[in-house]
Amino acid sequence: MAKVTTKVRTRFAPSPTGYLHVGGARTALFNWLYARHHDGIFVLRIEDTDLERSTEESLTAIFEGLEWLGLDWDEGPGPEGPFGPYFQSERLDIYREHVQRLLDEDKAYLCYCTPEELKQRREESFARGEDPKYDRRCACLTPAERQALADKGREPVVRFRSSDEGSTVVDDLIRGEIVFDNEMLDDFVILKSDGMPTYNFAVVIDDHLMQITHVIRGDDHISNTPRQIQVYEALDFPVPEFAHLPMIHGSDKTKLSKRHGATSVTEYRDNGFLPEALVNYLALLGWSYSATDTLFTVDELIRKFSLDRVSRNPAVFDMKKLEWMNGVYLREMEPDRLTDTVIPRLQREGLIPEQVDKATRAKIQKIAVALQSRIRTLAEFVPSSRYFFVDDIEYNQKAVEKFLYRDYVPELFGLLLDKLTHTEPFDEPNIEKVFLEVQAQVDRKLGEIIQPVRVAVTGTNVSPGMYEVLAALGPARTCHRLKTMKEMVKQKLSADEA
RNA sequence: GCCCCCAUCGUCUAGCGGCCUAGGACAUCGCCCUCUCACGGCGAAGACAGGGGUUCAAAUCCCCUUGGGGGUACCA
């Protein structure tokens, strides 16, 4: 008999209780890559059953983050699809229907214990050194007993009747078989008293109804999986494939969180990272292709991704490596695109006008290209290019003392000014010619000429090549800064003499 | 406490019994290029957690210890 091959369907199912975390993004990416690689369907489902913590802003942030990364979903909010709705809060009837079925088949029961009682009992049994499992006191309530509890105004939850016998095996694509003794599992809640399903229940119903074939998620879900498998079995649903990804850790090897620095995807965007760099980096957190390859385009990732090359051990998020990788992508950017991405940042700082004319754009492009190999994030562009855009620049005092307070500087600047004021056009070859001529006149090493100029013109001793800086800066600002510093140095030197 | 997962350079990892005197990348250090800083090039240092087995042979398989992580909710 021919093997039935069903189309791969994966999903990312975030709960809108915070921004899109890089860990979540990595999970989304792997699901997306797997679906794209197999020509399958990638579903986005919003798990908003926690009324307390779900927010509209989080939802927006998740959409924004996924879109920015280029992780488009085939079904879900927006495109919709045949298995909607894709918000769990809009699927309550569906859950209730299935809960009722379990109730009818006596595979679940009503429980009237209050959260306070449960908490207390849990603490007591914990103190006695026992497993803090639910004691099943509501498992065999008579109708009369239930009525009595209900009359007292208690809102029941529905608990799943789990088996104490045998074991449940999770067959994980990444880890192999994981065996859990059923004795360990208690009668967990599947429907809360507010009518919302719990995660372990809703996820099963939805994954089944949405025909998810591969559940790819963080390995913090491993211990939930046997519960979910029991629900699948109780409902007679086929069990999907599972693949549990290793966690992403911070530098202290604990689960990545805010104290480790930026964790939200939009934060990386705002901090000047490129989506293709983040995607590439995230792909390498828990997955590798070969002994030597680290740089992959999205198309290559789709082509090369497979679950059998996913690692089992947790990965520490290494900001340094991300920055390096971002630098690689930055350096590969076409000048036009680089200019496009840099302009809004300059505008936000008020360094350039809202309307950028052709000449300004050309100038920005020159500056961007000059700085391209010197920045690792877009965010670094603004501070390191500031002196091109403002009249009053800041001077680094140490650099001034080291390079400007030298007795040959006033004369040197004088000679340069004589020539530069008449340099036409004011471009790199001509500027270089001037410097070489002056160098011959003063008979000094090039560095002794350029460093003082660099400080005078940029305020620092670090910048791109001097000639391209001056060309981009233009004759007016160049000469003005040289003149100002020439006078300043002259005064300083004569004051020192006195 | 109990259950589960994990264990190769500081970090991400390659390795799926002999190809390993363990390979690559980031970070670090040195040299070269050079007007500074980057970029780039070359090079150095740096790891199989420990202990038992199995085997002619173990980073690779098994067990224990240790260490880390996760779960143990009317969160997801």
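Values reported hereafter were calculated over all heavy atoms of this structure, with side chains retained and with hydrogens, waters and symmetry mates removed. Naming convention: chains lettered A, B, ... in sequence-line order (proteins, then strands); numbering from 1 in each chain.
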Got a sec? Which of residues 370-383 of chain A come in under 4.0 Å of RNA chain B, heavy atoms? Ser373(A), Arg374(A), Arg376(A)

In B/S/- notation, 5' to 3', how is nucleotides 71-76 of chain B contacted by protein heavy atoms closer than 4.0 Å? S-SBBB

Find the distance Gln439(A):CD to U34(B):C1' and express it as a whole number of Å. 14 Å

Watson-Crick/G-U partner (both atom distances under 3.5 Å) of U28(B): A44(B)

Does Asp164(A) pair with Arg136(A) as a salt bridge, N-O distance under 4.0 Å? yes

Interatomic distance where OH belongs to Tyr329(A) and C1' belongs to A25(B) [whole Å]: 13 Å

Looking at residues 429-437 of chain A, who's got a heavy atom less than 4.0 Å off RNA chain B? none

Return the pairing partner of G67(B) with a 3.5 Å limit on both distances, Watson-Crick or G-U wobble; otherwise return none. C6(B)

Looking only at the side chains, is there a donor atom on one of Arg217(A) and His244(A) sitting less than 3.5 Å from an acceptor on the other? yes

Between U36(B) atom C1' and Glu448(A) atom CD, what is the distance in whole Å? 14 Å

I'd like to check the ring pair (Phe, Tyr, Trp, His ring centres under 6.0 Å) partners of Phe305(A); sequence neighbours left out, ordered by chain and number. Phe30(A), Trp287(A)

Give me, pair by pair, the N or O atoms of the protein and of nucleotides 59-65 of chain B that are less than 3.5 Å apart, along with how far apart they are.
none

Pairwise P distance for G71(B) and U28(B), with rounding to whole Å: 34 Å

For RNA chain B, whose closest nucleotide is more 5', that of Arg454(A) or that of Val179(A)? Val179(A)

Round to the nearest Å and state the distance from Gln228(A) atom CD to C4(B) atom P. 18 Å

Could you measure between the two P atoms, the one in A49(B) and the one in A22(B), and give it in whole Å? 15 Å

Looking at residues at least two apart in the chain, or sitting in another chain, which of them share a ring pair (Phe, Tyr, Trp, His ring centres under 6.0 Å) with Phe188(A)? Phe160(A)

From CD1 of Ile178(A) across to P of C3(B) the rounded distance in Å is 16 Å

Quantified in whole Å, what is the C1' atom distance between nucleotide U8(B) and nucleotide G23(B)? 11 Å

Could you let me know what C35(B) is paired to, Watson-Crick or G-U wobble, both distances under 3.5 Å, or none if it's on its own? none

Rounding to the closest angstrom, what is the interatomic distance between C9(B) and U72(B) at atom P? 30 Å

With a 4.0 Å cut-off, would you call Asp207(A) and Arg45(A) a salt bridge? yes

Let me have a per-nucleotide readout for nucleotides 10-24 of chain B, 5' to 3', with B, S or -, counting only protein heavy atoms under 4.0 Å. -SBSSS-------BB

Euclidean distance for C1', G17(B) against C32(B) (whole angstrom): 43 Å

Leu470(A) CG - C35(B) C1' separation (whole Å): 11 Å

Between C64(B) and C20(B), how many Å separate the two P atoms, rounded to a whole number? 33 Å

Minimal heavy-atom distance between Cys138(A) and Cys111(A), with the atoms involved, is CB-CA, 3.7 Å

Paired nucleotide for U21(B) [Watson-Crick or G-U wobble; both distances under 3.5 Å]: none

Applying salt bridge (charged side-chain N to carboxylate O under 4.0 Å, His left out) to Lys366(A) and not counting sequence neighbours gives none

Once salt bridge (Lys or Arg N to Asp or Glu O under 4.0 Å) is applied, what residue pairs with a partner in residues 375-384 of chain A remain, sequence neighbours excluded? none

Nearest-angstrom distance from the residue atom CD1 of Ile449(A) to P of C35(B): 11 Å

Return the polar atom pairs (N/O with N/O) between nucleotides 47-49 of chain B and the protein under 3.5 Å, or none.
none

Test side chain to side chain donor-acceptor pair (under 3.5 Å) on Asn200(A) and Thr198(A) and set out the steps. CA-CA 6 Å; Asn200(A) 279 316; Thr198(A) 59; 5.8 Å; no

Across all strands shown, which nucleotide pairs with G1(B) by Watson-Crick or G-U wobble geometry, both distances under 3.5 Å? U72(B)

Across all strands, who's sitting opposite A59(B) as a Watson-Crick or G-U wobble pair, both distances under 3.5 Å? none

Name every donor-acceptor pair, under 3.5 Å, that has one atom in a side chain of residues 314-321 of chain A and the other anywhere in the protein, sequence neighbours excluded.
residue, atom, partner, partner atom, Å
Asp318(A), OD1, Lys320(A), N, 3.1

Less than 4.0 Å between a side-chain N and a carboxylate O, is that true for Arg337(A) and Glu276(A)? yes

Whole-Å distance separating the CG atom of Asp219(A) from the P atom of C3(B): 18 Å

Side-chain-base donor-acceptor pair under 3.5 Å for Arg175(A) and C5(B): no

Going by the rule salt bridge (charged side-chain N to carboxylate O under 4.0 Å, His left out), which residues pair with Asp443(A) if we only count those two or more places apart in sequence or in a different chain? none

